[in-house]
Number of protein chains: 2
Amino acid sequence: MVVAREREPEGMDLVHLLREVTLQLDLAGGEFATRNGLHPTDLRALIALLDAARAGEELTAGRLGARLGLNSAGTTALVDRLERLGHLRRVRDTRDRRRVLLVVDPRAVALGQSFFGPLIARTLALLDTFDPGERAAIRRFLTGVRDATAGTQEPEGAEKT
Amino acid sequence: MVVAREREPEGMDLVHLLREVTLQLDLAGGEFATRNGLHPTDLRALIALLDAARAGEELTAGRLGARLGLNSAGTTALVDRLERLGHLRRVRDTRDRRRVLLVVDPRAVALGQSFFGPLIARTLALLDTFDPGERAAIRRFLTGVRDATAGTQEPEGAEKT
DNA sequence: CCAAGTATCTCGCTCAGCGAGATAATGTGG
DNA sequence: CCACATTATCTCGCTGAGCGAGATACTTGG
């Protein structure tokens, strides 16, 4: 078959490629997660935590849950799991004692490295083969897609839970 | 402590950007899924089904499950759900009557459109702002990342379940 | 101080996905 | 053709992720 497939518009191949990339990353993440005794969500949480740490940002339980699209109950369960595994510690915020700050453990960092390390190395090697102009194009493309995707959801302030 | 953040290597910003993009797509997908009474996995399955259909490929229950990383029990449950929702039909393969072919319903196609349509439109519009050389760079980058990610997992033949 | 607001947690529940194994259809060697 | 291994799917029973509802503890503005 495959017949005439009514001509997809120019650029469609890139759209499909992008989808494939996200699928691959998801699968890789899921596989890595189960191999390490956690769930896809836990890995996503770790990534968010490491990200926040890298940005020097204090992450609370609530903010983490919001970032992952969990409600408060699910968030508590998630933090329980990660704490039980030793990937983070709960620390009461002294400024606002309702809040619980999440402090990542070095072991979580190491775990993140072991997953992303090889992937990042390969990607950086790949990026070395592009000249600055090309990298700028890639950057602009990714930025655009990210913003377009974020914009597909609610215009703003998604307050629920 | 966060201080001097020992200079991230050149290109690291693109790595983070890519992660952000996949996160956004995941969240958007998950949100769309629940808004339509299905689960993230169901949406992934629909995408796989539509993909296969687009490629003129017959997808069986088993192949779908493998593609999503589910075991046979989970796959049966998934297909049950999608069939109950009217997104697909089970059709016994007449050549090999052990196999069940999955036939997507037009309604599934429509659902896929309603999710991907706007996203695709935006992406295509974005792509219009790139010249052919830049698009080639993006294509090469995405292809490289996809292959690098796939390679991170097993070298080949992941035969289980 | 009290009321309203906010952050997290507890409880009870549903249901996705797993492991184990049943069932049915194919292919293969005697 | 009949045992027998193989393959594809399904059934059963179970674990546990995540939800809704509401409790609890703390903060803040009148």
Side-chain angles (χ1 to χ4, degrees), chain A residues 26-27 29-31 33-46 48 58-85 87-103 157-161, chain B residues 26-27 29-31 33-46 48 58-85 87-103 157-161:
Chain A
D26 273 5
L27 287 180
E31 212 233 307
T34 51
R35 209 165 50 215
N36 284 80
L38 10 99
H39 303 266
T41 300
D42 305 46
L43 185 59
R44 303 245 301 275
L46 276 183
E58 286 188 328
L59 205 49
T60 66
R63 285 181 57 71
L64 174 65
R67 195 165 295 193
L68 300 179
L70 299 180
N71 76 359
S72 62
T75 303
T76 298
L78 167 68
V79 174
D80 282 351
R81 277 189 323 263
L82 292 178
E83 192 173 39
R84 197 175 323 121
L85 290 170
H87 291 307
L88 56 78
R89 279 177 309 122
R90 280 177 162 96
V91 177
R92 277 281 163 199
D93 187 340
T94 47
R95 304 185 196 289
D96 182 342
R97 303 226 318 286
R98 292 168 302 180
R99 302 205 287 173
V100 168
L101 299 177
L102 304 176
V103 182
E159 297 313 321
K160 39 195 56 168
T161 285
Chain B
D26 273 5
L27 286 180
E31 213 234 305
T34 51
R35 209 165 50 214
N36 285 79
L38 15 95
H39 304 266
T41 300
D42 304 45
L43 184 60
R44 303 244 302 275
L46 277 184
E58 288 189 326
L59 205 49
T60 66
R63 286 180 58 71
L64 174 65
R67 196 165 293 192
L68 300 180
L70 299 180
N71 75 1
S72 61
T75 303
T76 298
L78 167 69
V79 174
D80 282 351
R81 278 190 320 266
L82 292 179
E83 192 173 40
R84 197 174 324 120
L85 290 170
H87 291 308
L88 56 77
R89 279 178 308 121
R90 281 176 161 95
V91 176
R92 276 281 165 199
D93 187 340
T94 46
R95 303 186 195 288
D96 182 343
R97 304 226 317 286
R98 292 167 302 180
R99 302 205 287 173
V100 168
L101 298 178
L102 304 176
V103 181
E159 297 314 319
K160 37 195 57 164
T161 289

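We name chains A, B, ... by the order of the sequence lines, and we start the count at 1 in each one.
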Whole angstrom value for the distance that separates [atom2] of [N] from [atom1] of [X]:
X        : N       : atom1 : atom2 : result
Leu38(B) : dG17(C) : CG    : P     : 12 Å
His39(A) : dT15(D) : NE2   : P     : 14 Å
Glu31(B) : dC19(D) : CD    : P     : 13 Å
Leu70(A) : dG16(D) : CG    : C1'   : 14 Å
Leu64(B) : dA16(C) : CG    : P     : 15 Å
Asn71(B) : dA8(D)  : CG    : P     : 15 Å
Leu68(B) : dC18(C) : CG    : C1'   : 15 Å
Glu83(B) : dT9(D)  : CD    : P     : 13 Å

State, with a plain yes or no, whether a side-chain heavy atom of [X] is found less than 4.5 Å away from one of [Y].
X        : Y         : result
Arg92(B) : Val100(B) : yes
Val79(A) : Arg90(A)  : yes
Arg44(B) : Leu27(A)  : yes
Leu59(B) : Arg67(B)  : yes

Heavy-atom closest pair, residues Thr75(B) and Gly65(B):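 Closest heavy-atom pair between Thr75(B) and Gly65(B): OG1-CA, 3.2 Å.
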Non-hydrogen atoms of Asp96(B) and Arg98(B) that approach each other most closely: OD2-NH2, 2.7 Å
Taking Leu82(B) as the fixed residue, which of Leu88(B), Leu102(B), Thr41(B) is the one that meets the side chain to side chain contact (heavy atoms under 4.5 Å, CB included) rule? Leu88(B)
Heavy atoms from other residues, nucleotides or ligands near CD of Glu83(B) exceed 12 (cutoff 6.0 Å):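 For Glu83(B), atom CD is crowded (more than 12 foreign heavy atoms under 6.0 Å).
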Please list, pair by pair, any protein nitrogen or oxygen found under 3.5 Å from a nitrogen or oxygen in nucleotides 2-4 of chain D.
none

With sugar-phosphate meaning primed atoms plus P, OP1 and OP2, does Gly69(B) contact a base, only sugar-phosphate, or nothing at under 4.0 Å between heavy atoms? sugar-phosphate
Of all the choices, dA25(C), dC18(C), dA17(D), which nucleotide is nearest to the side chain of Arg97(B) once you look at every atom?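 Minimum distance to the Arg97(B) side chain belongs to dA25(C).
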Under 4.0 Å protein heavy-atom contact, by nucleotide of nucleotides 3-13 of chain C - B base, S sugar-phosphate only: --BBSBBBB--
Reported CG-to-CG distance for the pair Leu101(B) and Leu64(B), which is rounded to 0.5 angstrom: 12.0 Å
